[in-house]
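The next block holds one structure in the form of C-alpha cells; read it before the comments.
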Amino acid sequence: MSDHPTGDLLAGLNDRQRAAVTAGGGPILVLAGPGSGKTRVLTRRIAYLINEMNIPARSIMAVTFTNKAAGEMRNRLKSLAGDRMRAVQIGTFHATCARILRIEHDSTPYGKDFVIYDTDDQLNAIGQAMSELNIDTRKFNPRAVLGAISSAKNELILPSGYVGQDYFGEIVSRVYPRYQAILLDSNAMDFDDLLVQMVLALHHSPVLQEKYQRKFAWVLVDEFQDTNTVQYQLVSLFGAPQNNIFVVGDEDQSIYAFRGADYRNVARFRQDYPDASVILLEQNYRSTQVVLDVANAVISRNKHRTPKALFTDKAGGELITLHEAYDDEYEARYVMEEIDDLRRRGYHYSDMAVMYRTNPQSRALERACVDEGIPYTLVGGVGFYKRREIRDMLAYLRVVQNPDDRVSFARIINTPKRGIGKKSLESFQYWAADAEMSYGEALIKLLEGADNPLGARAAKLFRDFAEQLFAWRSLTEASTLVDLFDTISSDVGYNLYLHEISDNDLEAADRMDNLSELRGLLVQADEDEINLPEFLIDQALMTDADTKLTGEDRITLMTLHAAKGLEYPVVFITGLEDGLLPHFRSFDEPDGVEEERRLLYVGITRAMERLYLTYAFKRTTWSGSQAQERSSFLYDIPEDMTAGLPSGLNTDRSYQSYKQMTTWGNTRAAQDTERRNATSGLDRLRRDLQRGSATSNSGNKAVNSKIIPFPGSEPQPPAEPQFHTGMSVYHSVFGAGMVVESHVNQDDEEVTVVFSDKRYGVKKLLASLANLTVQ
DNA sequence: ACGCGCATTGTTTTT
DNA sequence: CAATGCGCGT
C-alpha cells in the first residue's frame with residue numbers, strides 16, 4: 001500500500017485514530033470518548049476504504065444516529081472522496097431499512113407503497129384497535145399500551161409471541177395483534193416495523209439475505225451504544241458472513257434506553273465477535289482540562305461503567321460557572337445576558353448553545369431571546385410536522401398514494417367537512433372489514449355500485465370522495481407534486497377551511513405560512529425529481545430534530561438529547577434541578593438516574609471552552625410554579641472547578657426575599673413569616689444556602705446520606721453586616737434601591753440591592769467598592 | 001352531523 | 001395551562 005496518496009486521509013490523526021482508519025476487515029470495536037474524533041475516524045475510514053482499499057462505494061453501509069448526522073457525514077465524505085462516495089449507503093437504521101424494504105417489499109407482507117406511521121398515527125391506530133376490542137381507553141392509556149408494544153418490537157417479540165405478565169400485559173397482548181393487523185390492512189409500518197420487518201425479511205428469505213450480505217460487505221455503525229436489540233440484530237445480519245463490522249461508541253454516552261437502546265450491546269459485541277479488534281480513543285481534542293474534569297467527576301459516579309482515561313492538551317481552561325436564578329424566566333434572562341456579554345468579548349452567537357432536559361423549557365429561553373434581541377435556532381420541539389394543517393395535507397398525499405391508509409383516511413374523510421360523520425365512517429369500516437376489503441378496494445366497489453350498508457346519502461358522499469381521490473391519483477402519473485398539492489387544496493377548499501378553524505387572522509396567516517412552507521418542500525422535491533412515495537418516506541423519517549443548522553450567526557437551543565454529537569465553544573446547561581435533571585420519571589426506572597447522569601455528561605462534554613450550569617429556585621410548570629431543589633448532580637462537581645458567583649448567594653434569589661418582603665409589607669413581617677414557614681421547601685433551601693451547606697434533600701438517598709457542601713460556598717462566619725434587609729440605599733450609577741440581602745463574606749460585605757430603575761434590576765455589590773449610601 | 005362548552009388529564013428524551 | 005375529548009343541545 002503506497003502511503004503517498006493516503007497522506008491526506010491520515011493527516012492530523014493520532015496513532016490510534018490511524019489504526020482505526022486503516023484497519024483491515026473483520027469486526028472492529030472503537031471505544032471513543034467524547035471529542036476523541038470518532039466521526040472523523042468514521043468518515044476517513046470510509047474514504048480510506050474507497051480510495052485506498054478500492055472497495056466499491058456501493059458495498060459500504062454506514063449507519064448514523066440521525067438524519068442530520070447522515071447529512072453531515074455525506075458532506076464530509078464528499079470533500080474527502082469526491083463523487084465516488086455517492087454510492088455509499090449512509091443513513092439511520094430506519095431510513096436505510098425503509099429504502100431497502102421499498103425495493104424488496106415482495107419479501108414482506110406489505111405493498112410497495114407502504115406509508116410510515118409516526119407516533120400520532122400509531123396512537124390513532126391503537127385507538128382504533130382498542131375500540132374494536134371494546135377496551136376502555138380511559139382505563140388503559142393508549143400511550144402506555146403503545147409503549148409496551150414498541151418495547152416488544154424492539155426486542156423482536158411478535159404479536160403471536162407476546163405474553164402479558166399481568167393484567168395490563170394481558171390487555172397489551174390483545175391489542176398488539178389487532179394493532180398490527182390494522183397497520184397491515186393500512187399498508188403502513190410504524191418506526192419499529194421498519195427495523196423488525198427488515199430483520200424478518202432477511203430471516204425468511206435466504207436469497208434476500210445473501211443478496212444484501214454480499215451487497216453491503218462493509219458495515220459501519222456510529223453511536224453503537226445506542227443500538228437496541230433489533231438494531232444489533234440488523235448489524236449482525238448485514239455484516240455476516242465476512243463480519244467486516246466497524247462499530248464506534250461510548251458506553252458513557254448511551255442516552256436512549258427509553259427506546260430500547262442498551263449500552264451493554266458494546267460488551268455483547270466483544271462476546272459475539274471474540275476476534276474483534278478493540279481500539280480506544282482517549283485523547284480529547286475538544287474540551288479544556290477543566291471541562292473534562294467536571295465531566296469526569298460527574299460520570300465517575302456511575303457504577304456500571306468502565307473507567308476511561310480521557311486526556312487533553314488543553315490544560316487548565318476557564319472555570320465553569322454555576323448560577324442559581326430566581327425562576328425560569330430569570331434563568332433565561334441570565335443566560336441571554338451572559339451570551340450578550342460573551343459576544344462583546346469576541347464569541348459569535350453561533351459559538352454558543354443552550355441545552356435543557358425537556359422541550360417545554362425552551363419557551364422561557366425563546367422569550368428571553370426575543371426580548372434581548374438574540375437570534376436563535378430552536379432544534380426540535382413541538383414542530384412543524386405536528387401542525388394540524390401540515391398533518392392534514394400530508395394525510396391527503398398519503399391517501400392519494402395509498403388509499404388503504406386507515407389513519408390518514410380517517411383524518412381527512414371529513415376534513416374539511418363534507419358531511420361524512422363518525423357514523424358513516426364506522427359503517428364504511430365495518431363493511432370493509434366484513435368483506436375483507438381494504439379501504440381502497442371498498443371505495444372501488446362503491447364506485448362500481450356494489451351493495452353496501454351505507455345510507456343513500458352517505459354512499460353518495462363516499463362516491464364523490466372516491467371520484468376525487470382517483471382523479472388525484474391519476475395526477476400522480478403525469479404531473480408534479482406541487483400540482484397535485486394545489487389541486488387537492490383547491491378541490492377540497494382547504495384554504496377556506498383553514499380560515500374557518502382559525503380564531504383570528506393572525507392564526508390563519510400563520511397556518512397559511514406553514515402550508516406554503518410545505519409547498520416549498522414539494523417544489524424542492526420536484527426539482528430533485530423525487531416522486532410521491534419517496535417524498536412521503538423522507539417526510540416520515542425527517543423529524544423536527546433534524547432542523548438544519550444554517551450558517552447564520554445564531555445561538556442554538558436544544559434538548560440534551562439533540563446535542564449529542566455536536567460541540568460548541570460555549571455551552572449552557574439549564575434546569576439543573578432535582579426532578580428535571582435527573583428527571584423524576586427516571587427515578588423508578590432501573591438505572592434511570594445513571595442514564596440521566598450520562599445525559600448530563602453528554603451535555604458537559606459538548607463544551608469546548610466555557611461551560612455554564614444553571615438552575616432555578618422556582619420553576620413554572622403546568623400546575624403553577626414550584627420551588628425546586630438543586631440537582632443532586634451538582635454535588636458531584638468539585639468546588640475548585642467552579643467560578644462566577646459564590647453560588648451560595650446571588651442576586652436572583654435575593655429577588656425572592658424582595659418579593660416576599662413587598663408582599664408582606666415590611667421586613668419584620670417577612671422575617672416572621674419566614675420563621676413560621678421554616679419548613680417550606682423554599683425557606684429550607686434558602687436557609688441551606690445561607691449556611692452554605694445542603695442539608696435539604698430531594699429524597700435522593702445518595703445525596704442525603706452524604707452531605708457535601710455546595711460548591712463554592714463556605715459556612716459563613718457570624719458577621720455584623722453594615723446593611724440590613726429593607727434599607728433604602730443610593731448608588732452613584734444605579735440610583736435608588738432597596739437592600740434585600742446582605743452578609744459578610746470573608747472580609748467584605750456583600751449587599752444585594754434591588755434598584756428602582758428596571759434597567760439595573762437586582763445587583764449584588766461589595767460594600768467596600770460600591771460606595772452605597774444609606775438614605 | 002355539527003358546534004360549542006366544559007372537564008379532564010397529562011409532559012422526558014426521538015427514529 | 002395547554003390540548004384533547006367528551007357530551008350535550010341544536
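Just so it is clear: chains get the letters A, B, ... in the order the sequence lines come, proteins before strands, and each one is counted from 1.
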Atom pair distance, as rounded to whole Å: [atom1] in [X] and [atom2] in [N]:
X         : N       : atom1 : atom2 : answer
Leu146(A) : dT15(B) : CG    : C1'   : 13 Å
His561(A) : dT15(B) : NE2   : C1'   : 13 Å
Gln253(A) : dT14(B) : CD    : P     : 16 Å
Asp193(A) : dT15(B) : CG    : P     : 18 Å
Arg367(A) : dC1(C)  : CZ    : C1'   : 12 Å
Phe140(A) : dT9(B)  : CZ    : P     : 15 Å
Tyr497(A) : dC2(B)  : OH    : C1'   : 13 Å
Tyr356(A) : dT14(B) : OH    : C1'   : 14 Å

**Asked** Are the side chain of His561(A) and the backbone of Ile255(A) linked by a donor-acceptor contact shorter than 3.5 Å?
**Response**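 Checked: pair present.
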
**Request:** Could you say whether the aromatic ring of Phe258(A) and the base of dT13(B) stack, counting only centre distances under 5.5 Å and plane angles under 30°?
**Result:** yes

For [X], which contact category applies under a 4.0 Å heavy-atom criterion: base, sugar-phosphate, or nothing?
X         : result
Asn414(A) : sugar-phosphate
Tyr256(A) : sugar-phosphate
Ser586(A) : nothing
Arg457(A) : sugar-phosphate

Just N and O in the side chain of [X]: are any of them under 4.0 Å from OP1 or OP2 of [N]?
X         : N       : value
Ser424(A) : dA1(B)  : yes
Thr66(A)  : dT14(B) : no
Arg418(A) : dA1(B)  : no
Asn359(A) : dT13(B) : yes

**Prompt:** To the nearest 0.5 Å, how far apart are OH in Tyr356(A) and CG in Leu581(A)?
**Reply:** 13.5 Å

**Request:** Between Leu599(A) and Gly421(A), name the one whose nearest nucleotide on DNA chain B is closer to the 5' end.
**Result:** Gly421(A)

**Asked** Starting at the 5' end of DNA chain B and moving along, which residue's nearest nucleotide shows up first, Glu596(A) or Thr92(A)?
**Response**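 Looking at the nearest nucleotide for each, Glu596(A) comes out on the 5' side.
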
Report the nucleotide, chosen from [options], that has the shortest atom-to-atom distance to any side-chain atom of [X].
X         : options                  : result
Phe191(A) : dA1(B), dT15(B), dT14(B) : dT15(B)
Thr559(A) : dT9(B), dT15(B), dT13(B) : dT13(B)
Thr119(A) : dT15(B), dA1(B), dT11(B) : dT15(B)
Arg138(A) : dT15(B), dT9(B), dA1(B)  : dT9(B)

**Asked** Are Arg597(A) and Asp591(A) ion-paired here, with the side-chain N under 4.0 Å from a carboxylate O?
**Response** no

**Message:** What I'd like to find out is whether the side chain of Tyr263(A) reaches to under 4.5 Å of the side chain of Arg268(A), using heavy atoms alone.
**Reply:**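 Tyr263(A) vs Arg268(A): side chains apart.
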
**Request:** Give the ring-plane orientation class for Phe462(A) versus Phe409(A), where under 30° counts as parallel, over 60° as perpendicular and anything between as tilted.
**Result:**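 Parallel: the ring planes of Phe462(A) and Phe409(A) meet at under 30°.
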
**Prompt:** Between Asp405(A), Asn124(A), Asp190(A), which is the residue that forms a side chain to side chain donor-acceptor pair (under 3.5 Å) with Tyr117(A)?
**Reply:**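 One option only clears the test, and that one is Asp405(A).
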
**Message:** Between dC6(C) and dT11(B), how far apart are the two P atoms, rounded to whole Å?
**Reply:** 16 Å

